[in-house]
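Quick note: numbers below take in every heavy atom, side chains included, and nothing from hydrogens, waters or symmetry partners. To find a chain, count down the sequence lines: A is the first, B the second, and so on, and within it residues start at 1.
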Number of protein chains: 4
Amino acid sequence: MRSESESPGQKGRTFIEEARRRQIIEAAVEVIAEQGYLKASLAKIAERAGISKGVISYHFDGKDDLLHQLVIQLYIAGGEFMAPRIDAAEGAWPKLRAYLESNFEFIGQHRTYLRVFVDVIGNLRDQDGMLHFRDMQENADVLDPLVELLEEGQQTGEFAEFDVRMTAMFIRDTIDGLAGRVSRTEDFDMERYSRAAVEATARMVCR
Amino acid sequence: MRSESESPGQKGRTFIEEARRRQIIEAAVEVIAEQGYLKASLAKIAERAGISKGVISYHFDGKDDLLHQLVIQLYIAGGEFMAPRIDAAEGAWPKLRAYLESNFEFIGQHRTYLRVFVDVIGNLRDQDGMLHFRDMQENADVLDPLVELLEEGQQTGEFAEFDVRMTAMFIRDTIDGLAGRVSRTEDFDMERYSRAAVEATARMVCR
Amino acid sequence: MRSESESPGQKGRTFIEEARRRQIIEAAVEVIAEQGYLKASLAKIAERAGISKGVISYHFDGKDDLLHQLVIQLYIAGGEFMAPRIDAAEGAWPKLRAYLESNFEFIGQHRTYLRVFVDVIGNLRDQDGMLHFRDMQENADVLDPLVELLEEGQQTGEFAEFDVRMTAMFIRDTIDGLAGRVSRTEDFDMERYSRAAVEATARMVCR
Amino acid sequence: MRSESESPGQKGRTFIEEARRRQIIEAAVEVIAEQGYLKASLAKIAERAGISKGVISYHFDGKDDLLHQLVIQLYIAGGEFMAPRIDAAEGAWPKLRAYLESNFEFIGQHRTYLRVFVDVIGNLRDQDGMLHFRDMQENADVLDPLVELLEEGQQTGEFAEFDVRMTAMFIRDTIDGLAGRVSRTEDFDMERYSRAAVEATARMVCR
DNA sequence: TATGAATGAGCGTTCATTCAT
DNA sequence: TATGAATGAACGCTCATTCAT
């Protein structure tokens, strides 16, 4: 039943087991949100979930695996939330705008989750001390869709000439910046940030 | 020998003590850079510095104090590097450009240090679980100079109309984004990022 | 499993846990008896009990809790030993005599435990540096029953006139004195002390 | 300059050195009075005395030696205070009364010192875990003068028949009891205790 | 004599993990 | 499946002691 030795997805898992896993991840999110990555011990997570410590070991291949799943879960959820909204838009700028706005909206709807997300991906490391999700933030999955969007806009003439890869990064920085601010500031004014970010991005990329 | 109970500056410390403190902070930087905040124990730091664990306790008021000093040291160094470069520029846009470029240059010169900086300010918490440097990222010290610069540019007509506070945040996000990328990617092309960031900012703020 | 957060008594504890707790307390008694409060580390106690250090933390809420339980356990055992003997006597002097003799007998039966008891209540302090059991030695629980006994004897005319509260203290001093002597002298002649103490007290309080 | 390797008394010590030793002992008394034996580190004692830690090591053969001297100093001071008062009295009961009252008076004048005394003799142990001053409390020095006094009174017919050695212990218990109460209770009414103790002793020993 | 610096052992505690039941 | 119990290593920290200056 170890998640890392299974094929991806939910194959081989009963409905009950999936429920347990989600329950444990939820508890982990709550504990990390309140106490931070460092102080989030399995004991506290188990207590929050109302189960014994051993259950976590049973369902996950250790603490790292649990946190790995936690990150992946939110990552997938984010993708599933944004994809249809972006697809629904037509034209490069409307799509980019949808990308930004749906991202912001998702962050707003998962503030607590985001705070935990930021905390975990900044700390979860393998045995060599390398960040587990170092690649995820830099590589294709995150940046490429944005790069394609920008290139598309340049080809259609909607967008000005600029270094697309770098500009994709700036846009990501603005989104990650919001995630960070939201995790640090309880009552951060997301609406205002979102509106201004869309305008700033428009000035930055549109002709 | 407690750093927190001392008056600011280096008063009351001997030369040799200052050297030891720097040596210990350097060792801490190296260990955190390689293994991350979580795994950076005093034992490892002491071993790296070639001293015994007790020496750290002797020179610092505990682990938190050591990390606090580490952050402050880089923070001050950054300010001292950038201030004259910004002051030397005349006009809102040249000043903003100097702000960006000196910031980027400083980050480039302290890549390892920066990686550690990001790690520590994201993890160092006080007894209530609050991030020690949460304010530092959000408050006046960091954002206000930028806000003033933008307002100045709007008054002189150099800059377009936009939400200055939010725009200041976007600019910070780009800088913090670089810090993050530099900490994650060994051979990140800073030159290209820097050049593109200056151009993007220009499009974003200038008329 | 934290003893301080549990309701009084043994509710919520399994039989096996109670056995472990008793075993650990016994080991603590032995170590403190031999090496004294100061040198009695959890490591030594665990070694004596033949378990690992962590087990103590698992069953007690820290070292202070363990020692607290140790004291309370003997305190309660003493009360349970003496109470029926005192109740069985009729008349103020017979009751006082039973108080003394049952106290002496209990001390004699728990010489080692008493040595430890004296050591712990003289050293165990809370975070403010105040002795945990300072009150226990001075307050109602210990002195009041004795005061009542003496007042009763004065009302029935069995006892002479004297300062009852102070006299209660002198009687306690004699008992505590025995506890101290027993802890210091391996082969102290308790019988002789007990007999002489009863006689001396009779001369002191009876008409 | 190590005290244990020197002959007793002050031979071989300069006036300045004696002053330093007294100063250090005073500082130790203050620290132990406030924080208790356990938390009284040499660092705190040195800080209180306004000197560096090393000085203590220079003047005393380690912490144990310092505390040893501390106890002896008060012990001698007590003897010097009481002896002339007892000698001045004539007759067994007046002498015993002077013994009690001068003892009480001395305790009253050195409440803080006494608290420390009780703390130290209860904790200071040699390497085998034996109390350093175990004998002092039980042997000739403390008990014999009292025994002689009681025997004298019995021979002159002033005192009744009783077990003198045990009775000497009861009297010591009352004195030690006061020392303990004074150390535990800030505003303990010594006058009342003293008066009642003299009366109670009279009833206990006089015909 | 006195000091600041350093040591190294030991402290109480936390925690991910294992395992018999 | 789930649990309570136990482990053992690592943690930050304290402290008596040593020593070159």
Handout entry: Contact under 4.0 Å: B:Tyr58 side-chain N or O vs E:dA5 OP1/OP2
Key = yes
Exercise for the section: Give me the ring orientation class for C:His132 and C:His68: parallel if the planes are under 30° apart, tilted from 30 to 60°, perpendicular past 60°. Expected result: perpendicular
Exercise for the section: Please state how far atom CZ in B:Phe60 lies from atom P in E:dA6, giving the value in whole angstrom units. Expected result: 12 Å
Exercise for the section: Give the rounded distance in Å between these two atoms: NZ of D:Lys39 and P of E:dG12. Expected result: 13 Å
Problem - Rounded interatomic separation in angstrom, taking CD from C:Glu47 and P from E:dG10 - result: 12 Å
Handout entry: Distance in Å, A:Ile25 CD1 paired with A:Gln73 CD, rounded so as to fall on 0.5 Å steps
Key = 4.5 Å
Problem - Any B:Ser41 side-chain nitrogen or oxygen under 4.0 Å from OP1 or OP2 of F:dC11 - result: yes
Exercise for the section: Taking side-chain contact (heavy atoms from CB on, under 4.5 Å) as the test, write out the residues that go with C:Leu74, two or more places apart. Expected result: C:Phe106, C:His110, C:Tyr113, C:Leu114, C:Phe117
Exercise for the section: Dot-bracket notation for DNA chain F is requested: 5' to 3', Watson-Crick or G-U wobble pairs only, both distances under 3.5 Å, with ( ), [ ], | and . as defined. Expected result: .||||||||||||||||||||
Exercise for the section: Just compare F:dT7, F:dC15, E:dA16 and give me whichever is closest to any side-chain atom of A:Leu42. Expected result: E:dA16
Completion exercise
For residues 32-48 of chain C, the side chain to side chain donor-acceptor pair (under 3.5 Å) pairs (sequence neighbours left out) are C:Glu30-C:Arg48, C:Glu34-C:Arg48
Problem - Nearest-angstrom distance from the residue atom CD1 of B:Ile56 to C1' of E:dT7 - result: 13 Å
Exercise for the section: Using the test side-chain contact (heavy atoms from CB on, under 4.5 Å), find all partners of C:Gln23 that sit at least two apart in sequence or belong to another chain. Expected result: C:Arg20, C:Ala49, C:Ile51
Practice task
Would you mind telling me which of F:dA16, E:dA5, E:dA6 lies closest to the side-chain atoms of B:Glu17?
Solution key: E:dA5
Exercise for the section: Could you say whether D:Val55 or A:Lys44 is positioned toward the 5' end of DNA chain E, judged by the nucleotide with the nearest heavy atom to each? Expected result: D:Val55
Handout entry: Atom pair CG (B:Asn123) and CZ (B:Phe133), whose distance is rounded to the nearest 0.5 Å
Key = 12.0 Å
Handout entry: Given F:dA16, E:dA2, F:dC11, the nucleotide with the shortest approach to the side chain of D:Arg20
Key = E:dA2
Fill in the blank from the handout: 5'-most contact on DNA chain F (nearest-nucleotide basis), C:Ser52 vs B:Ala40, goes to C:Ser52
Practice task
Look at the side-chain N and O atoms of C:His59 and state whether any lies under 4.0 Å from the OP1 or OP2 oxygen of F:dA6.
Solution key: yes
Practice task
Mind calculating the distance between CZ (B:Phe15) and P (E:dA5) to the nearest angstrom?
Solution key: 13 Å
Exercise for the section: Identify whether the distance between the nearest side-chain nitrogen and carboxylate oxygen of C:Arg21 and C:Asp65 falls below 4.0 Å. Expected result: no
Practice task
Measure distances between side-chain N and O atoms of A:Lys53 and base N and O atoms of E:dT17, and say whether any donor-acceptor pair falls under 3.5 Å.
Solution key: yes
Problem - Side-chain (D:Asp126) to main-chain (D:Asp128) donor-acceptor, under 3.5 angstrom - result: yes
Completion exercise
Residues B:Val31 and B:Ile45: closest non-hydrogen pair is CG2-CA, 4.0 Å
Completion exercise
Separation of E:dT1 atom P from D:Ile24 atom CD1, nearest Å, is 12 Å
Exercise for the section: Identify, with sequence neighbours excluded, every residue that meets side-chain contact (heavy atoms from CB on, under 4.5 Å) alongside A:Thr112. Expected result: A:Val29, A:Ala33, A:Arg115
Practice task
Provide, to the nearest angstrom, the distance between the CD1 atom belonging to D:Ile45 and the P atom belonging to F:dT17.
Solution key: 11 Å
Please write out each protein N/O paired with an N/O of nucleotides 19-21 of chain E under 3.5 Å, distance rounded to 0.1 Å.
none

Problem - Rounded interatomic separation in angstrom, taking CD1 from C:Ile51 and P from F:dG8 - result: 12 Å
